[in-house]
Amino acid sequence: MNYDMNYDNNYDEINECENEEKDEYNNVKEKINENENKTDKVTDNVLYRLSLNPNKGGLQNVDKDKVNKIIYEVSKGSAFFKNAKEREKIHTERIKEMKKKYIELKKRTLDYEKQKIENLMKKMENERDLSQYIVHIDMSKSMISTANYEERKYGVRSAMPGYIALKLCKDLILVPPRHKKYHEVSLEIRKVISSYDPNYCPASVDEVFLNITNFLEKNPLYTPSKVTEEIRQKIFEKTKLTASAGIAPNLMLAKICSDMNKPNGQTELKNDANEVEKFVKLLPIGKVSGIGKVTERTLNELGIKTCGELKENMIYIRELFKPATYQFLLNVSLGIGKTIINNKWERKSISVERTFSNISDEQELYNKLLDISFKLAQDVEKENLKGKSVTLKLKTSGFEILTRCLTISKFIHKQEDIYKVGKKILDSCIEENPNQSYRLMGLRLSSFLDSKKNISLDKFVKIIDNKNTVDILAQKKEYECPVCYKVIRVDYLNEFEKHVNNCLNNVEDIKQSEFIENKKYNKKFKLNDKESDYKQIIKNDKIDNTTSEDYYHKGKQRLNNKSNNQIKHDVSSTSSKLICPICKSSIFCSTNEELNRHIDICLNNDIIKNYET
DNA sequence: GCGGATCAC
DNA sequence: TATGGTGATCCGC
Ligand SMILES: [Mg+2]
C-alpha cells in the first residue's frame, strides 16, 4: 500500500540522463589543472566523484555551451568544486591509511586465517542456493520517453547538472512515443508481471524483481529465458515500451544481468555454480549494486577491480573494512545474494528538503523552516504518521551538509509541533554559527509509532496457532559454535554460551602466538540482547513481527546482505546455527532479526501455498 | 542515539 | 545564472 508511489513526483530525471562525454571531461580537467595546478590524479578523482568521468559511456551530442559554463564555474573555483575537492582529499587520506595497513598485512603469513577463510568460502559455495529463477526488469531507458512535459519544466528549474542533462537528453525526451502517465503504464506492467509472480516487487519507478520458479514448475514447457522473453513482449504490446531483463539465481546477479543488454534485450546467467563463478570472476566491482564511487575507488586503489580479485583479497578485506561491509563484499565476491523477493516495505522516515539562493538572514531562515514544516506535515498527514524524532538538515553556501536531530517524548504529526521542534534545532544551529549562510534546508520526521504492527502481529500469532507450529518452535535448539564449528544441542542459550567461551579460551593461545591482534577475539563472548529476546519470544509463544518485517525497496538495500534466506557467515562472528521450524533447513543467524526474518519468510510461503491449494 | 558518509534512484 | 530530492544503511563516537 505504501508502495504505490506517486511516480510523477518521484521520477528522477537527472539520473536517467547520461551527461558525460570524453571531450567534456577532458576540457574540465584541463581547466582545473590550469588554474589549480593540481595533479592529474587528484582531478580525476574529483571528477570521478562528480560522475563526470568518461568511462561511463554517454551521449552522442553534447551541448558545448553548457559545458563551457561548467568550465567557467570550475575555473572560478566555485564553492561546489571546492567542497568536492575537500571531500576527495579526506577520502584520499583514508585510502592512504588503508593502503599502509594493507601493505603491513601482506607482509604477514596469514596461513591460519587463510585456511579459515577458504573453508568458509567453500562452505558458502556448497550452500549456494541455485534453486530459484529471479528476473530483474529494467525500463529506465524507455521510461525517459514517457516523461510528460510539465515534469521537464521541473528539470529546467532544477540545478545545473539537471539542466545540462536535460539539454543533452532533449531530443530523446521531446519525442515521447505516447503520452500515458507513469502510473497508468506501470499499472499495466504490474498486471502483466503479477500473472507470472503475484509476489513481484517493484524496486523503483522503473524496475521490478520477480521470481519465476513457481511459474516454471507449473509450465514445464517454458524455459527461464522464454518466460522473460514473453514478459518483455507483453509489456511492449501493452505499453509500447521496451524493457531489458536479467535472469539469474539471485537478486544481485539478476540486477547486474539486466544492465548488460539495454534497452531492449535480456541476459541469462544459468543456475549453475560454475557459470556463476565464471561470471563473477571478471565482473567489475562497480557493477554491483551497493558499491558506489567511493567504495569502487577504494578497492581499485588496493588493486581490486573485479569480483575475482576481491575474492582473492578477502583475507585482507576482512581486516580493512568493517564487519557489515566485509560480509557484504564476501557475498559479492562469491556471487551470493538474496533468493527470496520480499515486497513488504515499512517507512522509517519521511522528509522534505529544499534548495534556495543563499540565505543568512535569521528571519528568512525561520520562514523557510515554516514553509518546509507545512510541506512535511502535509505529507505526514497523507500517511497518518506520528513520530518523535525531528531532524533538521542544512547545507551551507559552501556545500557542507549538517544534520541535527532532536527526539522528544511525545509522538507528533501536526505542523505546529514539527515546526516547534525544528525551530529549537535551528535556534541552536544559528547560535552555534550566527552569520552562516545556507543554500538548503530540510526536515525529517522519524521514530514512528506504528499502529499497523499490532494488527499483523495478531494475524501471525493466529496462523501459527492454527498450524500448531508453536510446539515446534519450542523444541530443543541446535547451534553451531562459531569457533570450533561443532553443532551443539542445548536447551538454553547460556549453555551454548559456556561452550563458546571455552572454545575462545583455547583459540586465544593460538591467536596470540600465531596471528595478529584481534579485538574480536579478546572480547569475552557474550550473546547480545537480541538473542536473549529470542528466548523470551519463544516463551511467550509469540513471534516478534516488528523485527521480522523484511522489506525491499527502491534498490536501497544491499542485494545480498542481511538477507532473509542467505546465510551469514564470518570466521569470527558469533553466528549460530539452528533448524528453522517451518522449512526444516538449518539456518545461520547472528541476530534475532535474521532469525525472525527467515521464519517470517517461511511462514509467508506456507500461507501462500495454503491459499493456492 | 546522533551525525557524517555513502548509496540508489 | 546555475550543481536536486527522498529514503536507507553503516560506522565512529
Ligand atoms: Mg555500483
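Each chain gets a letter, A, B and so on, in the order the sequences are listed, and its residues count up from 1.
- Residue Glu296(A) contributes atom CD, which lies 14 Å from atom P of dT6(B) at whole-angstrom precision.
- With no hydrogens or angles considered, no side-chain donor-acceptor pair links Ser360(A) and Asn358(A) at under 3.5 Å.
- A donor and an acceptor atom, one from each side chain of Thr325(A) and Arg318(A), are nowhere located under 3.5 Å apart.
- Here the C1' atom of nucleotide dG4(B) and the CZ atom of Arg87(A) are 11 Å apart, to the nearest Å.
- The distance between atom CZ of Phe328(A) and atom P of dA8(B), rounded to the nearest whole Å, is 8 Å.
- At a cut-off of 3.5 Å, with distance as the only test, no side-chain donor of Glu432(A) or Ser428(A) sits close to an acceptor on the other residue.
- Regarding contacts with the backbone of dT6(B), a side-chain N or O of Arg94(A) is found under 4.0 angstrom from either OP1 or OP2.
- The shortest distance between the side-chain N/O atoms of Arg444(A) and the OP1/OP2 oxygens of dG5(C) is not below 4.0 Å.
- Phosphate contact (OP1/OP2 of dC10(C), side-chain N/O of Thr325(A), threshold under 4.0 Å): absent.
- Residue contacts shown for Lys395(A) are limited to sugar-phosphate atoms, with no base heavy atom under 4.0 Å away.
- The distance from atom NZ of Lys262(A) to atom C1' of dC9(B) is 11 Å, rounded to the nearest whole Å.
- Side-chain N/O atoms of His91(A) and Thr298(A) include a donor and acceptor closer than 3.5 Å.
- No engagement by Thr391(A) is indicated, since no non-hydrogen atom pair under 4.0 Å with the nucleic acid exists.
- Of the listed nucleotides (dC9(B), dC11(C), dT3(C)), dT3(C) has the atom at the smallest distance from the side chain of Phe81(A).
- Considering only the side chain of Ala324(A), dC10(C) comes nearest among dT6(B), dT6(C), dC10(C).
- Comparing dC2(B), dT3(C), dT6(B) by their nearest atom to the side chain of His91(A) picks out dT6(B).
- Shown for residues 397-405 of chain A: residues whose heavy atoms fall under 4.0 angstrom of DNA chain B, namely Leu402(A), Thr403(A), Arg404(A), Cys405(A).
- Remark: side-chain polar atoms of Asn250(A) are paired, donor with acceptor, to backbone N or O of Leu253(A) under 3.5 angstrom.
- Here Lys322(A) reaches the OP1 or OP2 of dG12(C): one of its side-chain N or O atoms lies under 4.0 Å away.
- In this structure, of dG1(B), dC7(B), dG5(C), it is dG5(C) that holds the atom nearest to the side chain of Thr355(A).
- At the heavy-atom level, Ile350(A) lies under 4.0 Å from the strands shown only through sugar-phosphate atoms.
- Closest to the side chain of Ser289(A), from the set dC2(B), dA8(B), dC7(B), is dA8(B).
- Minimum atom distance to the side chain of Ser349(A) is reached by dA8(C), of the listed dC11(C), dT6(B), dA8(C).
- Looking at Ser349(A) and Ser446(A), their side chains never bring a donor and an acceptor atom within 3.5 Å of each other.
- Between dC7(B) and dG4(C), the distance separating the two C1' atoms is 16 Å to the nearest Å.
- More than 12 heavy atoms of other residues, nucleotides or ligands shown are found within 6.0 angstrom of NZ on Lys395(A).
- Two residues, Phe321(A) and Val352(A), neighbour DNA chain C, and the one matched to the more 5' nucleotide by heavy-atom proximity is Val352(A).
- Side-chain N/O atoms of Lys255(A) include one lying less than 4.0 angstrom from OP1 or OP2 on dC9(B).
- For dG7(C), the OP1/OP2 oxygens have no side-chain nitrogen or oxygen of Trp345(A) closer than 4.0 Å.
- Distances shown here put every side-chain N or O of Arg558(A) at or beyond 4.0 Å from the OP1 or OP2 atom of dT6(B).
- Taking atom CE of Met441(A) as the reference point, atom C1' of dT6(C) lies 18 Å away to the nearest angstrom.
- Per the geometry, NZ belonging to Lys393(A) stands 17 Å off P belonging to dC2(B), to the nearest Å.
- As a whole-Å value, the separation of Glu86(A) CD from dA5(B) P is 10 Å.
- With sequence neighbours excluded, no residue satisfies ring pair (Phe, Tyr, Trp, His ring centres under 6.0 Å) with Tyr200(A).
- The residue among Val288(A) and Ile90(A) whose nearest nucleotide of DNA chain B is located toward the 5' end is Ile90(A).
- Counting heavy atoms from C-beta outward, Ile256(A) and Thr267(A) have side chains that stay 4.5 Å or more apart.
- The CG atom of Leu392(A) sits 14 Å away from the P atom of dC2(B) (whole-angstrom rounding).
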